[in-house]
2 protein chains.
Amino acid sequence: MSQIKTMKELADLAGVTTGTVSRALSDSPLISPKTRERLQALAREHGFKPNLLARNLRTQRTGAIGVLIPLGHEKGQHISDPFFITMLGYLADELTERGYDLLLSRVIPEDENWLDQYVGSGKIDGLIIIGQSNQSETLDEVAARYRPMVVWGGHAPGQAHCTVGSDNILGGEMAAQHLIDRGCQRIAFFGDPQALEIAQRLEGCKRALARAGLADKLTVLPAHLVAEAAHPDIAGFLGSVSERPQGIFAASDVIAMSALRALAEYGLAVPGDVKVVGYDGLAIGEQTVPRLTSISQDLRLGATTMVDLLLRRIAGEDAGSVVLDPRLIVRMSS
Amino acid sequence: MSQIKTMKELADLAGVTTGTVSRALSDSPLISPKTRERLQALAREHGFKPNLLARNLRTQRTGAIGVLIPLGHEKGQHISDPFFITMLGYLADELTERGYDLLLSRVIPEDENWLDQYVGSGKIDGLIIIGQSNQSETLDEVAARYRPMVVWGGHAPGQAHCTVGSDNILGGEMAAQHLIDRGCQRIAFFGDPQALEIAQRLEGCKRALARAGLADKLTVLPAHLVAEAAHPDIAGFLGSVSERPQGIFAASDVIAMSALRALAEYGLAVPGDVKVVGYDGLAIGEQTVPRLTSISQDLRLGATTMVDLLLRRIAGEDAGSVVLDPRLIVRMSS
DNA sequence: GCATTATTTACAATCGATTGCATTTTTTGT
DNA sequence: ACAAAAAATGCAATCGATTGTAAATAATGC
């Protein structure tokens, strides 16, 4: 049995034209059930798979969604970052469920118009960007002319691009309030407020502290987001402060894990000596010792929502930003 | 300035034909420097990006490499598994560096000929598969007719598909020998030997134990690969065994992390009461408490090697399997 | 200055499928 | 059995680029 590569070959073999084959294989009602089945059987028998490029060129859709992270302020951050990776996994599940493929490309931050590499190249039907980093202006600018784009991150008033993310201010407030409830007075915030989301979490943290009259007890350590880079930041901090914090609010679970490790190295008990709260609610927090208390963002819901919005925008609808509720997950570290 | 979408438009604007534009933009020597620069400037000015689908259809290459995991024996395993994700990150880095995109699609294990979804659909130039699971036969079969395919995993004699992976038998031997060197007698192996790689690691483990005359001291627990599923397996095991093992060799770092957690819950000190060695050498092992001793597979090198082999196979060369050296990384858990 | 060669550019086929419209075949009504 | 309506198929343009070949223009030699 010769291998059938194109519709033309299959059509010749069956004594019909490619048009008929095309319709038969796509279950068009214009075709008689008899020939439809005959052609489908023939296609199956010869293992014929239509060339998707040709189909896509004709139908003007690719069936692929681009996913990327802009790493503006944090060069060292790798695609293998747990948060990104978790989100990527959910997106992959969600997109494939809906018949889309996921096209992952690395962003070269040096390139001025990095977004245009994707947009308009015809390779993707839409774009999901994970994390704004410090690229909000670029995103706003592109959003003006490219509609099918959804961004994971913080939502700020006046923002032109469509975002999905948790209420970072509320989440920050919840984390700080939890530490306060647990009896902490001196609180340290680990995270670099250059990124919008982290700035918002810090903002919420400050609000809770102010309400409790503890505004002057806050220390902010602009720790890196990458685990390897965060650890020395944190170890250095713990070694140098005169008054050890009673509670640590880490702006991400990855930072929190570095904090747990550094604390263990200093012989400090968690939650006995120091209580720790992370942010993200990653699965990895279940595996730390002690298991990590965290402000959970429902990333699965986040992924679903992003895909939802994106498909609606692809369909021409003008779907707007969504803010999700953060949730406190109390485990063993607080 | 109107938006130029196609070459035809640009050609009309410049008063030439699409052929000329095409050659000008691809720096063909058939074009005069003068018109080349004029057209390139015009293209830049109007932000023209050629449609990649059309190009790909014509040139018969897509510039994308498919990446997938077959999850034959472990349905619950998710794309967000740390090992897969780490490998994915390296692959993404490596592929994009060489100008390829990475197309990630989920595999539906129910579908009989899942591989044909990719192969021959014209969407990808080559395929990288991470982990053989229990699908070795399928892979062999497809490898016979589809050349540009490379698989991460164990290499077995008589295997038709091209693999890259560490020497799992040697790695298993190293892990067990390390535990023996540390004074362990009773050793437990955590991992399900259904998968080829894990079976090989167990084999190496057995060899080392036999050499030390400890062959009868081995217990095998076929723990799941997924962290959430592995934990109950392990906790149950620790709760039920009469003689607690002195050393644990976990077939993956993810399993090892579950073990660390379970041990902590049972009040057992690591490495005091029980010593633990993982496999993979994932970055996450740096963040556990205590930091995890592991048999490291150089995943970055692995990714580079896979891409190398794949591109050579795409070029028609008949590149064969590669076995990498495992390396023992001693941290704090042993 | 004219024939000849070297450069440039235009023309048109091609990649492999989809789809509106024309045409043929089948079915229905009477 | 024949006209009219309905269903099935064929025809050919199309998506947007690439590329071999032919044609037009410019450069060279004598």
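What you see is a predicted model, and the numbers here were worked out from it, not measured in a lab. All chains are named by letter (A, B, ...) in the order of the sequence lines, taking the proteins before the strands, and each is independently numbered beginning at 1.
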- Query: With respect to the side chain of N51(B), which nucleotide from dG16(D), dG10(D), dA8(D) is positioned closest?
  - Reply: dG16(D)
- Note on the structure: Closest to the side chain of T6(B), out of dG16(D), dA17(C), dA10(C), is dG16(D)
- Checking dA17(C), dT9(C), dG10(D) against the side chain of T17(A) (C-beta onward), the nearest is dG10(D)
- Query: When all nucleic acid strands are considered with a 4.0 Å heavy-atom cut-off, which category describes V21(B): base, sugar-phosphate, or nothing?
  - Reply: nothing
- Query: Contact class for S22(A) vs. all strands (heavy atom < 4.0 Å): base, sugar-phosphate, or nothing?
  - Reply: base
- Item | Distance in angstrom units between E9(B) CD and dG16(D) P, rounded | 9 Å
- Message: Could you tell me how far apart M7(A) (CE) and dT14(C) (C1') are, to the nearest whole angstrom?
- Response: 18 Å
- Just call it for T35(B): base, sugar-phosphate, or nothing, with non-hydrogen atoms closer than 4.0 Å on any strand. sugar-phosphate
- Scan side-chain atoms only and decide if H46(A) and E9(A) contain a donor-acceptor pair under the 3.5 Å cut-off. no
- Item | Pairwise 5' ranking along DNA chain C for K34(B) and F48(A), keeping only the more 5' one | K34(B)
- Pair E141(A)-H161(A), side-chain donor/acceptor within less than 3.5 Å: no
- Query: What nucleic acid atoms does T18(A) come within less than 4.0 Å of, heavy atoms only: base, sugar-phosphate, or nothing?
  - Reply: base
Dump every N/O contact between nucleotides 20-26 of chain D and the protein below 3.5 Å, one line per pair.
unit_1	atom_1	unit_2	atom_2	d
dG20(D)	O6	R23(B)	NH2	2.5

- Please list residues of residues 56-63 of chain A whose heavy atoms come under 4.0 Å from any atom in DNA chain D, ordered by number; otherwise none. L57(A), R58(A), Q60(A)
